[in-house]
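Before any comments, here is the structure.
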Amino acid sequence: GADFSPDGLQVIMGGGSSAQVWDVATGRALGQPLQHEGGLRDLAFSPDGHTLATGSSDGLIQLWDTQRPSPAGHPQATLQAHRHSVGALRFSPDGRWLASGDHDGHIWLWDLYSQERTAHCLQGHTSIIRDLHFQPTRATALAGDALGTPTAAYLLASASADQTVRLWSLTGELRYT
């Protein structure tokens with residue numbers, strides 16, 4: 001897979017069990033390759049470009065700090081909830097949420113602003129999640145979270161190999177199939 005940073009100055013390309021960030025202008029590798037135990041399946045830059053998410057066949061999602069990479073090439077965090085391969089990753093436009101879809105048809109929604117990086121599972125598909133996309137709702141009126149921090153309201157669209165597209169609220173309510 002491949003993804004450009006939001007500013008277009010970097011591109012991440014991955015295959016096998018690793019990914020590499022490249023400088024678009026010079027074509028030079030930036031930092032160490034990002035390694036997974038399992039085969040790399042998808043990757044995504046956060047909207048601010050400071051975090052990179054990679055998902056693999058071992059069901060793990062790793063978060064990498066692009067501003068202060070680990071000299072030893074270690075991720076800043078590892079998220080684990082999937083039992084099988086992570087095939088789709090997408091950040092919300094504000095960077096708070098990370099959606100991950102797997103080969104079982106499960107979608108995990110991660111709150112990256114919570115200290116514990118809490119997640120909940122959205123179930124309804126019966127096959128591989130192929131794509132995920134966040135969309136601000138019409139009522140993008142800001143609501144506060146438990147800490148009083150403003151959060152935008154989003155819908156999440158998921159496309160699956162089961163030939164369905166589903167639309168979810170971030171509370172896990174299935175809106176449409």
For Gln123, all residues meeting side-chain contact (heavy atoms from CB on, under 4.5 Å), sequence neighbours excluded:
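Checked Gln123 against side-chain contact (heavy atoms from CB on, under 4.5 Å); matches are His106, Cys121.
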Residues which pass side-chain contact (heavy atoms from CB on, under 4.5 Å) with Ser169, listed by chain and number, not counting sequence neighbours:
Thr171, Glu173, Arg175
Transitive ILVMFWY cluster of Phe91, excluding itself - 4.5 Å side-chain cut-off:
Ile61, Leu63, Leu79, Val86, Leu89, Leu98, Trp108, Trp110, Leu112
Hydrophobic clusters join Ile, Leu, Val, Met, Phe, Trp and Tyr when side-chain heavy atoms are under 4.5 Å apart, directly or via other members; which others share one with Leu9?
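Same cluster as Leu9: nobody, lone residue.
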Between the main-chain N or O of [Y] and the side-chain N or O of [X], is there a donor-acceptor pair closer than 3.5 Å?
| X | Y | result |
| --- | --- | --- |
| Ser160 | Ser127 | yes |
| Gln20 | Ile12 | no |
| Asp3 | Phe45 | yes |

Is the number of heavy atoms from other residues, nucleotides or ligands under 6.0 Å of Gln163 CD greater than 12?
no
Take atom CD in Gln76; do more than 12 heavy atoms of anything else shown fall under 6.0 Å from it?
yes
Would you name the heavy atoms of [X] and [Y] that are closest together and state the gap between them?
| X | Y | answer |
| --- | --- | --- |
| Pro47 | Pro6 | O-CG, 3.0 Å |
| Ser18 | Pro33 | CB-CB, 4.5 Å |
| Gly49 | Gln67 | O-NE2, 3.9 Å |
| Gly8 | Val24 | O-CG2, 3.6 Å |
| Arg117 | Ala77 | NH1-CB, 3.6 Å |
| Pro93 | Tyr154 | CD-CE2, 3.3 Å |

Quick one: CD1 on Ile129 to OG on Ser158, what's the gap to the nearest 0.5 Å?
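Those atoms lie 5.0 Å apart.
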Distance in Å, Leu60 CG paired with Ser100 OG, rounded so as to fall on 0.5 Å steps
11.0 Å
Find out whether Leu156 and Leu167 are in side-chain contact, i.e. whether some heavy atom of one side chain is under 4.5 Å from a heavy atom of the other.
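The answer is no; the side chains never approach within 4.5 Å.
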State, yes or no, whether a side-chain contact exists between Leu155 and Phe134 at a heavy-atom distance under 4.5 Å.
no
Exercise: do His84 and Asp102 side chains pair donor with acceptor under 3.5 Å
no
Who pairs with Thr66 by side chain to side chain donor-acceptor pair (under 3.5 Å), at least two apart in sequence or on another chain?
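So Thr66 forms no side chain to side chain donor-acceptor pair (under 3.5 Å) with any residue.
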Ser114: side chain to side chain donor-acceptor pair (under 3.5 Å) partners, not counting sequence neighbours
Thr118
State which residues pass salt bridge (Lys or Arg N to Asp or Glu O under 4.0 Å) with Asp131; sequence neighbours excluded, sorted by chain then number.
Arg90
Inter- and intrachain pairs under salt bridge (charged side-chain N to carboxylate O under 4.0 Å, His left out), touching [range], at least two apart:
| range | result |
| --- | --- |
| residues 10-36 | none |
| residues 71-85 | Arg83-Asp104 |
| residues 68-79 | Asp65-Arg68 |
| residues 29-47 | none |

Might you work through the side-chain contact (heavy atoms from CB on, under 4.5 Å) test for Trp22 and Leu30, ending with a clear yes or no?
CA-CA 5 Å; Trp22 300 87; Leu30 301 173; 6.0 Å; no
Could you name each residue pair satisfying side chain to side chain donor-acceptor pair (under 3.5 Å) that touches residues 44-58, not counting sequence neighbours?
His36-Thr54, His36-Ser56, Ser46-Asp48, Thr54-Trp64, Ser56-Asp58
